[in-house]
Amino acid sequence: MKKRITSIFILLFMALSAYSAPKHIDEDLKVFKKYMEQCYVAYDENVELGFDLNKTIKNIKKDFDREVKWAKKTNQKYSEDEVLAGRISYHLWKDLKVKDRHLTIRFSNGSYSVLYDERYYFTPLYFEKKGSDYFLLNNYGSEVKKGAKFDGDVSNLKKVIYNNQEVYQYIFPTTELNLKTVPIKLDKKEYKISAKENIRFDNSKNEKQVNSIKTKDSYYLSLGKFLKYNSEENSDYRKYLADIVDEFQKHPTHSNLIIDLRSNTGGVSFSDKLLPSLYFFDDMAKIESYLNIIKLAEIGTKTLYSTEILDYEIKKIEKNAKNESKTKLQKLQNEYKKLAEKGGRYFEKSEYKANALLQEKPALFRGNTYLLVDKRTASASEYLIAQSFLVDEEKIFIIGENSRGSMDFGDIYEYELPNTKINLSLSRGEYKNTGLLSKNPKWHGDTKGFYPDYWATNETILDTLVYLTKDEELRNVLSGLGKGQK
């Protein structure tokens with residue numbers, strides 16, 4: 001009997017050891033490889049830096065096999081698409097050399113981002129600067145006393161408004177989740193102090209996706225979302241926004257323009273239309289000048305062209321089957337033939353010119369602009385931030401926390417693996433070397449985003465805004481700002 005049981009276990013072990021990924025998983029990984037090589041703008045740069053896609057795929061398959069074996073052995077329920085998506089995401093995170101916040105792997109019940117966000121934990125410690133040193137302004141517990149000298153990384157001391165004065169708060173960066181304490185070095189001693197992330201809100205539940213509020217000195221504009229791709233809501237959105245812009249133009253003497261971008265995760269960018277209307281009104285000569293500046297600032301964009309990308313666009317148009325798309329469809333089909341004849345893949349890139357931003361930008365609105373930002377401010381919202389600095393960088397101030405950091409790459413296409421239906425979000429455009437980003441000192445790259453001039457949580461953002469604008473009326477009209485956009 002004992003010998004029989006042992007034989008059964010041996011046979012079971014052999015069966016599990018012999019398991020290998022099904023044929024349809026192999027097929028999906030071949031298609032995954034094709035999309036990465038043909039449709040991802042950062043693929044070549046990653047390869048130059050040592051990325052080996054074949055090795056990555058080998059490890060994806062190995063991990064997939066191991067997880068499925070374990071699930072079968074322990075009678076655990078599993079979903080092939082979720083297991084494969086998780087392994088793809090993990091190994092791309094581990095192996096890719098270039099950060100791209102847009103790179104996302106989606107499956108039937110969720111998604112995996114390939115990169116982890118840089119998170120900031122706010123502590124209750126505030127410092128004043130004396131010469132090149134920083135000294136604690138408040139006591140903390142029984143050990144940490146006012147006047148203690150900061151001996152850590154000064155880049156973690158962020159400018160904030162505290163008790164109606166500009167000071168520095170210790171804000172700790174990390175990719176770790178759910179921290180309760182963070183380390184700090186004071187007077188050459190190590191301490192653990194309490195810390196917490198900024199509490200954010202979800203704009204999707206806010207029916208007022210676009211709104212405006214004005215005082216005598218300030219004009220507040222909230223943008224809870226941007227346009228959706230191919231959405232019927234877009235015409236109503238544009239009309240409502242146009243009415244708000246018209247109202248703003250009637251009050252050109254405002255001292256402050258406040259644009260609330262918190263929790264705006266992006267969409268179809270239209271800042272090249274919104275910003276000229278806000279700053280240059282109906283002066284077409286000035287608007288044209290500003291649009292030319294944008295074009296100059298975007299020199300350095302790298303765009304990938306391939307037969308696979310064109311095939312994607314052709315299938316999308318064929319699926320819609322609209323008459324107005326026939327001309328575009330024919331054009332793409334002709335481009336496909338020419339591209340196939342040239343080898344099927346190439347890059348289009350322009351070099352940034354150092355003097356591209358050194359042009360006159362005479363805005364009609366001459367007040368200060370305050371951009372309210374949080375960690376959910378992403379993509380097209382960050383594009384609006386970048387373009388606003390082209391108007392007058394000395395009058396643009398960011399308040400809040402760092403933005404998402406998802407702008408080095410863009411122009412996202414969605415590709416589906418044929419069997420598991422896993423969806424790959426791949427960028428065909430690269431913008432990190434444009435003047436728009438590379439010459440902006442407040443942009444710190446993907447995962448880090450734009451750093452604010454004044455850091456603030458949602459609990460302190462209204463006090464910070466009132467202090468900077470000197471508009472006490474904002475306390476009433478923007479009451480509850482910390483709980484969401486108005």
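Please read all numbers here as calculations on a predicted model, not as lab measurements.
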Output yes when a side-chain donor or acceptor of [X] lies under 3.5 Å from a complementary backbone atom of [Y], and no otherwise.
| X | Y | value |
| --- | --- | --- |
| Gln169 | Thr123 | yes |
| Thr377 | Leu261 | yes |
| Asp374 | Ser263 | yes |
| Thr460 | Ala456 | no |
| Ser222 | Lys486 | yes |
| Asp28 | Leu417 | no |
| Asn402 | Gly449 | no |
| Asn198 | Thr457 | no |
| Gln485 | Gly224 | yes |
| Glu401 | Lys375 | yes |

Applying ring-ring contact (aromatic ring centres under 6.0 Å, His included), which residue pairs with at least one partner in residues 425-449 are found, sequence neighbours left out?
Trp443-Phe450, His444-Tyr451

Which heavy atom of [X] sits nearest to which heavy atom of [Y], and what is that distance?
| X | Y | answer |
| --- | --- | --- |
| Gln38 | Ser306 | O-OG, 2.9 Å |
| Ile396 | Asp453 | O-OD2, 4.0 Å |
| Met36 | Leu53 | CB-CD2, 3.9 Å |
| Asp446 | Met407 | OD1-N, 3.0 Å |
| Glu308 | Cys39 | CB-SG, 3.4 Å |
| Ile385 | Ser388 | O-OG, 2.6 Å |

Side chain to side chain contact (heavy atoms under 4.5 Å, CB included) partner of Tyr279, the single match among Leu390, Asp392, Leu257, Leu274
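Checked Leu390, Asp392, Leu257, Leu274 against Tyr279; only one passes side chain to side chain contact (heavy atoms under 4.5 Å, CB included): Leu257.
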
Determine the sole option in Asn264, Val373, Leu372, Leu371 for which the side chain to side chain contact (heavy atoms under 4.5 Å, CB included) test with Ile259 is passed.
Leu371

Check the angle between the aromatic planes of Tyr370 and Phe397 and answer parallel, tilted or perpendicular using the 30° and 60° thresholds.
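Answer is parallel, since the angle falls under 30°.
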
Which residue is it: Glu82, Glu67, Glu80? I am looking for the one with a salt bridge (Lys or Arg N to Asp or Glu O under 4.0 Å) to Arg87.
Glu67

Could you walk me through whether Phe51 and Thr56 pass the side chain to side chain contact (heavy atoms under 4.5 Å, CB included) check?
CA-CA 8 Å; Phe51 174 60; Thr56 295; 3.2 Å; yes

Quick one: do Lys196 and Glu459 satisfy salt bridge (Lys or Arg N to Asp or Glu O under 4.0 Å)? Show the steps, please.
CA-CA 12 Å; Lys196 61 181 181 179; Glu459 295 172 346; 3.7 Å; yes

With a 4.5 Å cut-off on side-chain heavy atoms, are Ile25 and Asn419 touching?
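The answer is no, as the side chains (C-beta and beyond) never meet within the 4.5 Å cut-off.
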
Do the side chains of Ile422 and Ile105 get nearer than 4.5 Å, heavy atoms only?
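Side-chain contact under 4.5 Å: yes.
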
Side chain to side chain contact (heavy atoms under 4.5 Å, CB included), that's the test. Do Leu426 and Tyr413 meet it? Break it down for me.
CA-CA 6 Å; Leu426 300 178; Tyr413 282 51; 5.7 Å; no

Pairwise salt bridge (Lys or Arg N to Asp or Glu O under 4.0 Å) hits with a residue in residues 168-181, at least two apart
none

Under 6.0 Å from the ring centre and within 45 degrees of the ring axis: does the NZ or CZ of Arg101 meet both conditions for the six-membered ring of Phe409?
no

Salt bridge check: are [X] and [Y] linked by an N-O gap of less than 4.0 Å?
| X | Y | answer |
| --- | --- | --- |
| Asp151 | Lys189 | no |
| Lys23 | Asp26 | no |
| Lys302 | Glu45 | no |
| Lys185 | Asp153 | no |
| Glu118 | Lys99 | no |
| Lys439 | Glu393 | no |

Centroid separation under 6.0 Å, is that true for the rings of Trp455 and Tyr120?
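For Tyr120 and Trp455, the ring centres are under 6.0 Å apart.
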
Using side chain to side chain donor-acceptor pair (under 3.5 Å) as the criterion, point out the one residue from Ser379, Ser425, Ser427 that pairs with His102.
Ser379

Would Val41 and Thr303 count as a side chain to side chain contact (heavy atoms under 4.5 Å, CB included) if you check the C-alpha gap in whole Å, the side-chain angles of each, and the deciding distance to 0.1 Å?
CA-CA 7 Å; Val41 69; Thr303 305; over 6 Å; no

Kindly indicate, with the supporting measurements, whether the criterion side chain to side chain donor-acceptor pair (under 3.5 Å) is fulfilled by Asp100 and Tyr40.
CA-CA 11 Å; Asp100 175 6; Tyr40 186 39; 2.9 Å; yes

Given Phe127, which of Tyr168, Tyr140, Tyr134, Phe150 fulfils the ring pair (Phe, Tyr, Trp, His ring centres under 6.0 Å) condition?
Phe150

